Amino acid sequence: MNDSLVIAGKSYRSRLLVGTGKYKDFNETREAIDASGAEIVTVAIRRTNIGQNAGEPNLLDVLPPERFTILPNTAGCYTADDAVRTLRLARELLDGHALVKLEVLGDPVSLFPNMPETLKAAETLVKDGFQVMVYCADDPIQAKMLEEIGCVAVMPLASLIGSGMGILNPWNLRLIIDQARVPVLVDAGVGTASDAAIAMELGCDGVLMNTAIAHARQPVLMASAMKKAVEAGREAFLAGRMPRKHYSADPSSPTSGLIGT
Amino acid sequence: MIQLIINGKPERLQQALTVHALLESRQLAGKRLAVERNGEIVPKGRHAETLLADGDRLEIVVAVGGG
């Protein structure tokens, strides 16, 4: 079945996007990412340690940009200006690569997005030629605004970043999905495979996760579970679920031909 | 003697260096990194010709694990 995820004109076979944080070491990072089948992987941009660990391996040697689509993020940025500066550095680091993940946080406790700053940063970045995938609140109005600004994907949270609380407001996600003309990805909140499947069954175009894999007892096994859950959820969405019948049962076996009647 | 702020920390250089020479002196030349000087990107192709000046603020960044 040819069912590609298309973001900014580029097709991807996998609808699972994964982060690269919180792993034990680069070896585990790479193994988990391989098991997840993800083609798009997020990275953070941070100051280098000057004069220390000069021979330290670099994440981009473990995840070569020739093989993976690297999605630099603005995690930890609390203002539009910081987010824009960070992504300009990322573009330079990745030789002109335009696809980025924008997130502007509003509060260190909830890591909830600051939507006014997010909208401001999105506008600047789109004008500057970036292809912006944007972490946002599960607010259909602001998701639409981000799409109208020119973001190439909107990525509402399903629950708080790193919380593993799952899909807390499927109704808002449905509102966002139903109106969107760009891909909608759940970014943040997935805790286990069923959460990813639920997001996909709702009609999300993809799921982005990090902690659910990295903090599983066995990250590589969970990465494989997530791959299957995203595929299963997508296929269930395309297949179309049976209608719910709240007050009556419907036997699966024939009602005629029973013995003794 | 010139004074710089590199990644938020004050540093002194005996003489004005280019960005490339600074990176070389810190064993960072040729690594996958990006440099910003006073809020503006210094493209890789211009590291060798960009001379640092007293009071410059540099950010030197790499990709790290993140979600």
Side-chain angles (χ1 to χ4, degrees), chain A residues 17-23 25-26 28-29 41-56 58-65 70-76 81 84-86 88-96 101 103 111 135 161-162 187-188 208-214, chain B:
Chain A
L17 286 68
V18 296
T20 56
K22 300 179 175 173
Y23 287 98
D25 52 35
F26 281 162
E28 189 183 66
T29 310
V41 299
T42 65
V43 303
I45 303 298
R46 290 291 180 273
R47 287 171 165 171
T48 185
N49 282 329
I50 292 166
Q52 298 165 28
N53 316 324
E56 196 177 44
N58 186 306
L59 180 62
L60 296 180
D61 297 329
V62 182
L63 301 169
I70 305 294
L71 187 66
N73 72 24
T74 59
D81 283 350
V84 169
R85 269 177 79 193
T86 299
R88 285 183 176 147
L89 279 162
R91 180 166 63 182
E92 163 66 13
L93 176 66
L94 297 165
D95 303 316
K101 170 179 160 178
E103 60 179 287
L111 301 179
Y135 166 67
I161 293 175
D187 178 5
L208 198 168
M209 66 178 75
N210 189 154
T211 314
I213 297 174
Chain B
M1 175 90 75
I2 66 168
Q3 186 129 16
L4 308 172
I5 308 277
I6 305 178
N7 286 355
K9 288 190 194 125
E11 301 236 6
R12 285 167 194 279
L13 300 182
Q14 292 307 315
Q15 63 197 62
L17 295 177
T18 63
V19 170
H20 179 73
L22 174 77
L23 294 176
E24 244 179 3
S25 73
R26 308 293 152 101
Q27 284 89 49
L28 292 171
K31 304 250 178 205
R32 294 192 202 246
L33 51 76
V35 180
E36 182 199 71
R37 178 198 191 197
N38 302 327
E40 301 288 331
I41 300 295
V42 184
K44 286 181 194 76
R46 296 192 21 210
H47 286 185
E49 66 193 50
T50 304
L51 201 59
L52 297 169
D54 196 39
D56 276 355
R57 302 180 75 91
L58 293 185
E59 296 287 347
I60 306 173
V61 302
V62 293
V64 302

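Order of the sequence lines fixes the chain letters, A, B, ..., with proteins taken first and strands second; residue numbering starts at 1 for each chain. Small disclaimer: the values here were computed from a predicted structure and weren't measured.
The OG1 atom of Thr48(A) lies 11.5 Å from the CD1 atom of Ile6(B); values are rounded to the nearest 0.5 Å. Note: Glu59(B) CD to Arg88(A) CZ = 15.0 Å, rounded to the nearest 0.5 Å. Atom CZ of Arg46(A) sits about 12.0 Å away from atom CG of Asn7(B), to the nearest 0.5 Å. Rounding to the nearest 0.5 Å gives a distance of 4.0 Å between CD1 of Ile41(B) and CG of Leu89(A).
Proximity to chain B is limited to the side chain of Lys101(A), based on heavy atoms less than 4.5 angstrom apart. Neither the backbone nor the side chain of Asp81(A) comes within contact range of chain B; no heavy atoms are under 4.5 Å apart.
Arg32(B) has its side chain within reach of Asp61(A): a pair of non-hydrogen atoms, C-beta onward, lies under 4.5 Å apart.
Taking 4.5 Å as the heavy-atom cut-off, the residues of residues 60-67 of chain B that approach chain A are Ile60(B), Val61(B), Val62(B), Ala63(B), Val64(B), Gly65(B), Gly66(B), Gly67(B), ordered by number.
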Using the rule given for salt bridge (Lys or Arg N to Asp or Glu O under 4.0 Å), can you reason through Glu36(B) versus Arg85(A), listing the C-alpha separation, both sets of side-chain angles and the distance that settles it, and then say yes or no? CA-CA 9 Å; Glu36(B) 182 199 71; Arg85(A) 269 177 79 193; 2.5 Å; yes
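Other residues, nucleotides and ligands place more than 12 heavy atoms under 6.0 Å from the CD atom of Glu49(B).
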